[in-house]
Amino acid sequence: MVEPAESLPPPQGEVIGAGRRAEVLVWGPGLVLKLFRPDAPEHAAEVELTAAAAAVAAGVAAAAPHGLAVHDGRRGVVLDRIDGHDSMARLSARPWQLAGIARVMGALQARLHAIEAPATLPGLVERLERDLDAADLDELVRTAALVRLASLPKGDRLLHGDLHPGNMLLTATGPVLIDWTDASAGPPAADAARTELLLTAGEIPRGAMLPALLDHARLAFAKRWKQTYLAASGIDPAELEAWRPIVAAARLAETVERGEACQLRAIASELL
């Protein structure tokens, strides 16, 4: 059950994590406050709370939310504190565990996609439309993407929106999904297509893995993840292929490195 923010303990203020959109503060015994930066999406805290609560209620491991809060003039969501290592760090330290971690992520994403999304979550198709309008794209590619998008199902499943090894913590009791800011309601194949792009085209942080292993490892991880996800979800691989160029084109509305942008443009051009 999500408690009202006023019933929660005051923050202790220690910052224990930080990312592009938010920082994480100790809030009290066993709790943290994910505090969003001023330039984060307007309803980021509400989306995080709603999606995480839906996942937990359906039995998918996530940091359980306890309510919204305002601290230092910024909005945030209070969550259970999760002690563990993100999968990217584990892969860096123990690359021989790659296949097992990939299978875990594929199975967990399939379980997530079996959950009906809360009605208050934003729709992925509408988000993709906005991103396609904003992306730096050739107009022919943009038009082709919008036409194909209109022909595909909207879907109503719970989608993470940014699932990759860095957003799956490995704990003593099992894997836990974090960072639900991009969660939405929509078709599972679209969410899986984005994960595949993040695994194969996305920039990997420096030091995440030995350089000599990087290209081989990321492709091996993506292959094992995809095999597991498709088997567990029952989704036709052709569905992922239908969404892949749309998701690639829409991702160009985000800030991405030049190398990734070139790959995304090449994938998006398949629409022509």
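Given the structure is predicted, the values throughout are model-derived calculations rather than measurements.
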Close side-chain approach of D86 to R90, heavy-atom, < 4.5 Å: no
Any pair counted as side-chain hydrogen bond (donor to acceptor under 3.5 Å, both in side chains), so long as it reaches residues 110-119, sequence neighbours left out: H113-D191, H113-Y229
Among L108, I178, L112, side-chain contact (heavy atoms from CB on, under 4.5 Å) partner for H160: L112
Pair R74 + E23, salt bridge at N-O below 4.0 Å: yes
Minimal non-hydrogen separation, P175 against V104, with atom names: CG-CG1, 3.6 Å
Residue pair A63 / A52: nearest heavy atoms and the distance that separates them: O-CB, 3.9 Å
Gap separating the CZ atom of R75 from the CD atom of E48, nearest 0.5 angstrom: 13.0 Å
Atom pair CZ/CE of R224 and M105 - distance to nearest 0.5 Å: 13.5 Å
Distance-only polar pair, side chains of S184 and D182, donor-acceptor under 3.5 Å: no
V176 with V32, same ILVMFWY side-chain cluster at under 4.5 Å: no
Check: P29 and R81 side chains under 4.5 Å, non-hydrogen atoms: no
Side chains of L219 and T200 in contact at under 4.5 Å (non-hydrogen atoms): yes
Within-4.5 Å side-chain heavy-atom neighbours: L177 and L163: yes
Transitive ILVMFWY side-chain link L169 to F221, under 4.5 Å: no
Distance, nearest 0.5 Å, that separates CD of E129 from CD1 of I246: 10.5 Å
W243 to A193 - nearest heavy-atom pair and separation: CB-CB, 4.0 Å
E254 and R194 ion-paired at < 4.0 Å: yes
Cluster check V56, L170: I/L/V/M/F/W/Y, side chain < 4.5 angstrom: no
N/O donor-acceptor pair under 3.5 Å between R148 side chain and A242 backbone: yes
Heavy-atom side-chain contact between P237 and L230 under 4.5 Å: yes
Side-chain ion pair, R265 and D136, N-O less than 4.0 Å: yes
Exam field: side chain T228 to backbone A107, donor-acceptor pair closer than 3.5 Å: no
Shortest non-hydrogen contact between A55 and I115, atoms and distance: CA-CD1, 4.4 Å
Ion pair check, R21 and D179, cut-off under 4.0 Å: no
Where L91 and P165 come nearest, the two heavy atoms and their spacing: CD1-CB, 4.4 Å
Pairwise side-chain contact, L271 with L140, heavy-atom cut-off 4.5 Å (strictly under): no
Flag for Q109-W225: side-chain donor and acceptor within less than 3.5 Å: yes
Side chain to side chain, L146 and D133, heavy atoms closer than 4.5 Å: yes
Polar contact flag, side-chain donor to acceptor under 3.5 angstrom, D80-H66: yes
Minimum-distance pair of heavy atoms, taken over all atoms of L124 and G186: CB-CA, 4.4 Å
Linked, directly or transitively: I267 and V256 (ILVMFWY side chains, under 4.5 Å): yes
Close side-chain approach of E270 to R244, heavy-atom, < 4.5 Å: yes
